[in-house]
Amino acid sequence: MGPRNKTRILEFLLMEVTEDPELQPLHFILFLFIYLVTILGNLLIILAVTSDSHLHTPMYFFLYNLSFTDICLSTTTIPEMLVNIQTQSQSITYTGCLTQLCFILIFVGLENSLLAVMAYDRYVAIRHPLRYRAIMNFSLCGRLILFCLFISIVDALLHSLMVLQLTFCTDLEIPLFFCEVVQVIKLACSDTLINNILIYLATSIFGGIPVCGIIFSYIQIVSSVLRMRSASGKYKAFSTCGSHLSVVSLFYGTGFGVYISSALTNSSRNTAVLSMMYTVVPQMMNPFIYSLRNKDMKGALKKLIVRTASLL
């Protein structure tokens with residue numbers, strides 16, 4: 001550890017993806033492949049929803065926004081890491097770090113909120129099928145998206161403005177592959193009590209409420225499905241929730257894995273790898289989950305591919 005003198009911050013240092021120079025090209029190709037698959041997969045979902053009128057429903061409208069959020073979140077983290085691998089430099093400017101930190105908070109918060117809204121959509125569809133169109137009208141769906149974006153931006157700006165008030169030392173090595181608010185705060189020399197309180201408060205509100213909403217929605221969904229007499233009706237109801245439930249499990253499962261790992265292991269590299277997986281794996285897998293488990297989406301994707309191929 002270096003001396004902890006106060007200094008004017010110009011840049012932070014991120015953790016190296018690998019300490020072995022011979023493995024750097026392999027890691028570069030791997031993460032480039034993951035990024036391209038993520039972008040292509042989510043872009044196909046967006047184009048399929050846009051081009052097929054049968055998918056102009058609330059469920060696919062929310063899926064459209066989820067795919068766009070996944071593209072943005074991946075773009076916030078992976079390109080910077082690819083540049084660092086290629087240039088063999090782990091530095092990121094102070095402004096660049098705070099910008100990345102802010103956008104990560106926005107898009108993680110937005111994804112978290114969108115998953116809760118999508119759970120509510122499935123709850124209304126199964127609990128009130130006859131009034132579904134009336135309840136989940138376009139106006140309400142639009143307001144829900146704007147509200148999710150608003151609270152995500154407010155949360156991110158609060159954390160970013162609080163970090164701007166901190167004084168940092170010469171120990172500026174972030175033990176992750178990207179800038180994350182908790183790790184940045186740990187590098188500060190000044191008092192971080194208010195920042196830590198804000199983190200716990202924001203996590204409880206902006207994280208806890210969506211999780212509780214998802215749990216409540218699925219309790220009501222299961223209750224409604226169990227009261228159905230038809231086996232085919234039960235299967236159809238559960239099948240409409242299968243993709244969303246898989247995405248929710250993947251998103252929160254990887255997040256919970258990062259939390260448990262950081263609490264049980266002293267290896268900062270293992271924690272860094274899991275943290276990167278949290279911002280990479282769910283975003284890459286979401287298009288596959290929705291396209292492979294959903295007949296309407298598979299049909300729309302086939303039409304899109306055929307239409308594109310005919311233009312070539």
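Computed from a predicted model, the values in this text were never measured in an experiment. Side chains are part of it too, since the values below use all heavy atoms of this structure and drop only hydrogens, waters and symmetry mates.
- Taking 4.5 Å as the limit, every side-chain heavy atom of Phe12 sits out of range of all side-chain heavy atoms of Gln100.
- Counting heavy atoms from C-beta outward, Phe177 and Glu80 have side chains that stay 4.5 Å or more apart.
- Side chains of Pro287 and Leu44 form no contact here, defined as non-hydrogen atoms less than 4.5 Å apart.
- Expressed to the nearest 0.5 Å, how far CG of Leu73 lies from OH of Tyr278 amounts to 8.5 Å.
- At least one side-chain heavy atom of Met276 sits less than 4.5 Å from a side-chain heavy atom of Thr279.
- Residues Leu176 and Met15 are not in side-chain contact: their nearest non-hydrogen atoms beyond the backbone lie 4.5 Å or more apart.
- Across all non-hydrogen atoms, the minimal contact from Asn112 to Phe206 is ND2-O, 2.8 Å.
- Phe147 and Ile214 are not part of a single hydrophobic cluster, where members link through side-chain heavy atoms under 4.5 Å apart.
- Asp121 places none of its side-chain heavy atoms less than 4.5 Å from the side chain of Val117.
- Atom CD1 of Ile34 is separated from atom CG of Leu82 by 9.5 Å, given to the nearest 0.5 angstrom.
- Note that CG of Leu250 is 9.0 Å distant from CE of Met284, once rounded to the nearest 0.5 Å.
- Between Leu63 and Tyr60, some side-chain heavy-atom pair lies under the 4.5 Å cut-off.
- Counting heavy atoms from C-beta outward, Ile174 and Leu14 have side chains that approach closer than 4.5 Å.
- Aromatic pair Phe138/His56: ring centres not closer than 6.0 Å.
- Here the side chain of Ser224 pairs a donor or acceptor atom with the backbone of Gln220 at under 3.5 angstrom.
- In this structure, Tyr120 and Tyr123 have tilted ring planes: the angle between them lies in the 30° to 60° band.
- The two atoms that bring Ser291 and Met297 nearest to each other are CA-CG, 3.9 Å, heavy atoms only.
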- Check step by step if side-chain contact (heavy atoms from CB on, under 4.5 Å) holds for Glu180 and Ile104. CA-CA 8 Å; Glu180 193 264 340; Ile104 288 174; 5.9 Å; no
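- Between atom CZ of residue Phe107 and atom CG of residue Leu149 there is a gap of 8.5 Å, rounded to the nearest 0.5 Å.
- In this structure, Leu245 and Tyr218 approach most closely via the heavy-atom pair N-OH, 3.7 Å.
- Smallest separation of non-hydrogen atoms from Leu172 and Glu11: CD1-O, 3.4 Å.
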- Message: As a quick check of understanding, evaluate side chain to side chain donor-acceptor pair (under 3.5 Å) for Ser91 and Ser89, giving each step before the final call.
- Response: CA-CA 6 Å; Ser91 64; Ser89 171; 3.1 Å; yes
